[in-house]
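Have a look at the structure below before the remarks.
First the proteins, then the strands, lettered A, B, ... as listed; each starts at 1.
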Amino acid sequence: MSLRGAAGYWMVAGFVLLAALPFLQGRYIATYGTQLIPVLCFAILALGLNVVVGYTGLLHLGIAAFFGIGAYVTAILTTSGFPFASSFLVAAVAAMLVAAAVGVATTAPTLRLRGDYLALVTMGFGIITVSVIRNLDALTDGTKGLTPVSPNFFPGFDDPVFEKSRPGWKDSWRGYPRLYYLCLAVLAGVVIFLRNLERSRLGRAWVAMREDELAASCMGLNPAKLKLSAIALGAGLAGLAGALFAISQDGTTEPRAYGFERSMLVICCIILGGLGNRPGVLLGVVLLVGYDQIVTSMLDNWLQEQKVNPEGKEYLKVSGWRLFIFGLALILMMRFRPEGMLPAARQKRELHPERDEAAGERAAKAEAEAKDKPVDRGKKNE
Amino acid sequence: MSTAPPLLVVDNLEAGYGQINVLHRLSLTVNQGEIVTIIGANGAGKTTTLMCISGVVKTRAGNITFDGQSITGVPAHSVVRLGLSQSPEGRKIFPRLTVRENLEMGAFTRRDHDGMRADIQKAYTMFPILEKRQSQPGGLLSGGEQQMLAIARALMSRPKLLLLDEPSLGLAPQIVVQIFDVIRELNKQGMSVLLVEQNARMALKVAHRGYVLETGRITFTDKADVLLHDPRIRQAYLGE
């Protein structure tokens, strides 16, 4: 419990630090601050996946497809190639709804699959979605991706133009750091929403079903409904993350960005951080995506400056080794701390029951010595 | 008993898995306020019978009527709402939820929080050990404690009929006695119980009536004390 509380405080402190970041002056802040925006998008994506995998226990290996659907829906609704010219607000809501609908539609036929079988189907779904995006030229412009994504924020209003209040601040809401603040605010909103959801009827029903589906249905829980609602929420959050990502990249980038590799990266984040635990998931994202997006490029630049790698050879770049390093991190994690860095209290109990059992036994013994004997005698006397 | 219509009527039930039929035209009734037991060997179809009644396993033919209403083909999560609660075989408690959370899940169909809290207190009075362990995860309880939790959890939906599947499974004889005392006590308070058991002696001692199930067919049925003294039953199920 104390660890959980501490994680909560750390999370708040992290948010405050991130909010203060654009006000700090420094050589790296503006450069790498922009790169924090995708990290925030991936944090929302990971929290969405955590609803499906962490709370409900459905191993979904194609979450990046919903991320991509969100990005493409946003692009289609806002780029000049299409007649919609929506605002960002409308596009983001549409992205969530479409992603959620696709999630429900693709999960409904697989409701009876469990464990590995479901994982395989969802992996296939992720791969197929990327192929569809790549080949549906009329809608997605193939491998080129849709660009530019630069909508107004509100429907019916032109973008407010901000006076540059500080050096390095762009005057559009899509520039750094205003978009950064938008993503940070959305992420904070998602975190608070999920915290409340965890304690709700629905959140507890998900957990119960993950624990034991048969018992849960004997308690009056409808497994089909619960699974679909979890996937709808997870996919919806992924779609929202995709919408923000498309804005931040000023386009959808190439379809490959929504493929299997990205799904695995997000899965790695939530496993590394702690399945089912929000602060853990966020820590996992900060470590893995932060490493992937920021630390590797920092190191590469540094190596370049040091003239270690003047020709830019792949094997001398840190980024060339990123997948190897992810794999190594996961293996070490599974060996030494399978519950993740900040596990949910429940998972920790399961993987390290000896701590709890020892505590429980001690408590039971103490109680037995203190209470049980006199009570038992009392009963016998009756 | 009374002239009231039976609480549960199972009529010519057939069910199975894949190509194999497990139950063959199985019929039974449970009256209001009765403890009825189904005894039989491993693989006779006892659990399948219960699973059909609670809607977990689909029936292939026959009718199930509960409280005057057909529940044939009604899914498990809806059956609970009608007042039929099952404590499944192997206890199936939620291992990572605490004891109290397990009980709260049992009351998932209800929305009256005060009544729920009162019922949790009632469960603690019935099984004091659960109160002591209320904030421990269910998976850390002993087998007997888990069984108590499973029964208490099944009661949390305030059922009219309680289905108990092998409550004695894997428990020490002393604990089994304790569990059966609770079943008798519940029945005194008016609960109707359908009890599936391999421990035929204990089951027949506590029940009013019994059914003997052999490879998916009811072969004997009578008052429990008659079955208890029937030489064939004694030889086949009571080890004499």
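At least one side-chain heavy atom of Cys218(A) sits less than 4.5 Å from a side-chain heavy atom of Val56(B). Taking 4.5 Å as the limit, some side-chain heavy atom of Pro95(B) sits within range of a side-chain heavy atom of Glu211(A).
Residue Gln189(B) qualifies as enclosed at atom CD: its count of foreign heavy atoms under 6.0 Å is above 12. Within 6.0 Å of atom CG in Asn196(A), more than 12 heavy atoms from other residues, nucleotides or ligands are found, so the atom counts as buried in its surroundings.
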**OP:** Please report the C-alpha distance between Phe108(B) and Arg201(A) in whole Å, then the side-chain angles of each, then the deciding distance to 0.1 Å, and finally whether the side chain to side chain contact (heavy atoms under 4.5 Å, CB included) criterion is met.
**Re:** CA-CA 8 Å; Phe108(B) 189 79; Arg201(A) 227 171 118 75; 3.8 Å; yes
**OP:** Apply the test side chain to side chain contact (heavy atoms under 4.5 Å, CB included) to residues Lys225(A) and His77(B): give CA-CA distance (whole Å), side-chain angles for both, the deciding distance (0.1 Å), then the verdict.
**Re:** CA-CA 11 Å; Lys225(A) 242 192 208 166; His77(B) 56 88; over 6 Å; no
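When heavy atoms are compared at a cutoff of 4.5 Å, Met51(B) approaches chain A solely by way of its side chain, counted from C-beta outward. With a 4.5 Å cut-off on non-hydrogen atoms, Leu221(A) touches chain B through its backbone and its side chain both. At a 4.5 Å heavy-atom cutoff, the contact between Arg110(B) and chain A is made by backbone atoms alone.
With Arg81(B) contributing its side chain and Gly220(A) its backbone, the two residues share a donor-acceptor pair below 3.5 Å.
One finds the CE atom of Met219(A) at 8.5 Å from the CD atom of Gln86(B) (value rounded to the nearest 0.5 Å).
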